[in-house]
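Throughout, protein chains are lettered first and strands after them, A, B, ... in sequence-line order, and every chain is numbered starting at 1.
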Amino acid sequence: MILIGERINGMFKDVRRAIQQGNPEPIWDWAKRQQAAGADYLDLNVGPAVEDRVTAMKWLVNTVQEVSDVPLCLDSTDYDSIEAGLELCKRPAMINSVPADAPKLERVIPMARDHGAHLIGLAMNERGIPKNAENRLALAMEIVATADAYGLPMDHLLIDPLILPCYVAQDHGPEVLETIRQVKLLATPSPRTVVGLSNVSQKCVDRPLVNRTFLVMGMACGLDAAILDVDDNELMDAVATARILLNQDVYAESYLKVFKNRGVR
Amino acid sequence: MPVGIQKERYSSKVGTVTLGALPESGGTRTRTVTVGGDSTMPFLHFEGEMPNRAAVAFEVPDIAPPWDESLKRFWGDVWGDPAAWARKAVEEHGADLICLKLLSPDPDLGGTGPEQCAEVTRAVLGAVGVPLIVIGCGIADIDNVVMPAVAEAGAGENLLLGTATQDNYKTLTAACMVHKHNIVALSPIDINICKQLNILINEMNLPLERIIIDPTVGALGYGIEYTYSIMERIRLGTLQGDRMLSMPVICNIGYEAWRAKETKAPAEDFPGWGDAIERGTLWEAMTATLFLQAGGHIFVMRNPEAVGLLRGHIDQLMVSNR
């Protein structure tokens with residue numbers, strides 16, 4: 001399971017303020033904290049409020065790399081901003097994300113290939129997010145075919161079937177799980193799958209419970225990665241336990257502690 | 001049409017452990033032995049590296065052992081003299097390592113104390129230049145008194161000391177920490193306990209690179225397949241990145257093989273089984289070669305002829321099949 005720490009995102013007030021003020025402290029804190037919690041990647045999103053996204057992304061990448069060697073997941077709809085960030089990344093990064101729109105795919109896939117980056121492809125296009133698994137898979141297939149045509153290694157591609165808040169779109173849950181299962185069949189080797197986990201629990205009363213329940217369900221369907229709150233201990237315990245039950249780790253009495261401490265490098 | 005060989009790609013490998021210390025490292029050994037480092041399932045050279053050859057340790061009992069008489073044809077002249085036994089194992093039979101087995105602290109076999117065990121450890125260290133393994137008598141309360149003295153007597157020699165179990169690991173781990181030795185972590189053919197014990201030892205701050213796994217082997221005909229599958233899972237877990245399983249494996253072959261009736265029963269009792277001498281040799285050799293193929297790294301052996309057969313098998317399997 002690839003765990004992508006979600007916390008360095010301009011949607012959060014403390015991060016937004018840090019970016020606006022050029023204050024590295026809160027960014028350093030979140031980078032170190034998420035690394036210690038075992039994040040495999042750190043998601044970096046400058047947020048919607050920033051005017052110059054290129055400058056802000058470059059500052060975020062440099063600031064995080066001052067204190068952390070965890071690979072970065074550059075999160076933006078502005079591809080100039082992502083490209084500027086990629087130039088600075090010391091380790092192969094992940095690009096988050098590109099929808100199944102031909103012009104965008106043609107811009108981003110070669111960028112990922114040339115930088116050795118992983119790429120998250122969204123199962124949506126200019127008409128929005130499909131209602132069912134079948135149409136999500138059709139869009140995923142467009143991304144897979146384009147990636148293949150441009151020579152992006154298939155194991156560098158992650159498909160995000162896009163989970164919506166169960167509060168407003170309960171019917172999408174089973175469709176997303178079915179998509180996760182079937183994405184594996186689109187190519188050999190198969191692309192991997194990822195979800196932006198916290199979206200599923202928007203406006204729900206017990207968000208952590210909804211998050212960890214859905215993550216475990218996703219893992220049972222073969223989910224490979226998630227953008228999530230690595231600082232949520234119960235969520236991490238659920239991941240560790242699901243890995244045991246899926247026979248991905250060998251059981252030992254201290255398995256929770258070992259999983260928690262795996263970020264200590 | 002060319003056929004592509006499907007190859008697995010693994011993200012991790014078995015840790016390496018070096019035993020023994022040369023004078024420049026504070027010891028008195030004339031050579032060291034490094035095991036582990038495998039980045040593939042055993043002997044699939046086309047999928048990864050096996051940088052270090054499996055090592056053979058000759059088992060040397062500290063007193064005249066209650067072993068089968070047939071082994072006296074190799075060791076009769078040194079029976080009960082561990083220093084001479086060790087020297088013979090190295091000089092005549094090319095031992096990579098000596099495994100000194102402390103039988104004498106057992107009350108039924110003499111009930112010696114820590115001073116005598118420290119003394120015999122020093123004597124064997126003085127007799128040979130190869131690295132030394134020292135294994136206690138297996139009675140927890142006695143090992144906890146004897147092994148710290150052995151660890152102190154061998155300070156600087158980078159010994160391998162055993163055995164730690166889930167119920168009794170703290171004293172030996174502490175002794176290995178203080179005197180900078182390596183530890184044998186013994187689990188009863190149980191991968192979950194194997195992993196847990198490694199975690200517990202590591203939590204006491206002994207580095208993972210100083211632990212050797214003893215998964216408990218069985219002899220041919222006595223549940224050997226259970227340990228085989230445990231060792232297979234240990235290796236698969238290791239290659240998939242489980243650091244708490246990624247240690248080299250020691251296989252206590254001689255002890256297990258010579259417990260089996262088939263190694264010892266006279267030919268006149270079982271005419272269909274053939275010559276007892278040859279059978280004993282083959283039983284130990286077959287047990288060892290199976291665990292070699294399962295991924296063992298250190299083989300503790302008794303019969304030099306069985307060791308010869310094992311070495312021939314290692315030679316053949318180490319030929320690259322890339």
Side-chain angles (χ1 to χ4, degrees), chain A residues 1-4 35-41 69-71 91-92 94 116 118 148 152-158 184 187-192 219 222-226 230 236-237 239-265, chain B residues 4-12 14-15 47 164-167 169-170 173 185-209 211 213 215 226-227 229-247 249 295:
Chain A
M1 193 72 186
I2 302 165
L3 304 178
I4 304 164
Q35 173 165 344
D40 300 301
Y41 284 86
D69 57 6
V70 176
R91 276 156 289 279
M94 187 181 283
H118 288 61
D148 191 48
L152 182 74
M154 207 40 71
D155 56 3
H156 281 202
L157 179 64
L158 296 100
K184 297 280 165 198
T188 307
S190 58
R192 293 189 280 186
M219 288 175 75
L223 182 68
D224 298 294
V230 290
M236 291 302 105
D237 285 353
V239 172
T241 307
R243 288 185 58 85
I244 296 286
L245 296 175
L246 290 166
N247 197 25
Q248 293 169 347
D249 276 332
V250 171
Y251 176 85
E253 280 174 32
S254 303
Y255 79 91
L256 289 179
K257 194 155 57 167
V258 171
F259 188 78
K260 270 201 191 86
N261 290 339
R262 78 205 183 289
V264 180
R265 294 164 197 229
Chain B
I5 303 291
Q6 289 295 315
K7 293 180 186 176
E8 293 287 344
R9 282 164 52 194
Y10 297 111
S11 59
S12 200
V14 182
E47 288 187 347
T165 64
Q166 193 180 21
D167 299 327
Y169 64 93
K170 289 182 180 168
T173 304
L186 173 71
S187 46
I189 318 185
D190 184 318
I191 193 168
N192 308 116
I193 292 175
C194 170
K195 180 170 172 176
Q196 181 68 14
L197 181 56
N198 294 336
I199 294 167
L200 292 171
I201 291 170
N202 186 236
E203 278 179 348
M204 286 182 69
N205 287 324
L206 192 72
L208 298 175
E209 299 73 30
I211 301 174
I213 290 171
Y226 292 101
T227 304
S229 63
I230 294 285
M231 284 171 64
E232 194 171 43
R233 282 191 73 195
I234 289 172
R235 179 65 66 87
L236 283 169
T238 296
L239 296 176
Q240 284 156 17
D242 192 335
R243 293 174 62 238
M244 294 301 164
L245 286 172
S246 65
M247 300 78 181
V249 172

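For B:I193, no part lies near chain A; criterion is any non-hydrogen pair under 4.5 Å. The contact between B:I191 and chain A is made by backbone and side chain atoms together, counting heavy-atom distances below 4.5 Å.
Taking all atoms of both residues into account, the shortest heavy-atom contact from A:D40 to A:P71 is O-CD, 3.3 Å. The minimum heavy-atom distance between A:R192 and A:D155, with the atom names listed, is NH2-O, 3.0 Å.
Of the listed residues (B:M244, B:E203, B:R233), the greatest number of heavy-atom pairs within a distance under 4.5 Å of chain A belongs to B:E203.
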* Please test B:D242 against A:R243 for salt bridge (Lys or Arg N to Asp or Glu O under 4.0 Å), starting from the C-alpha separation and ending with a verdict. => CA-CA 12 Å; B:D242 192 335; A:R243 288 185 58 85; over 6 Å; no
* In sequence, state the C-alpha distance, the side-chain angles, and the governing distance for B:S12 and B:Q240, and then conclude on side-chain hydrogen bond (donor to acceptor under 3.5 Å, both in side chains). => CA-CA 6 Å; B:S12 200; B:Q240 284 156 17; over 6 Å; no
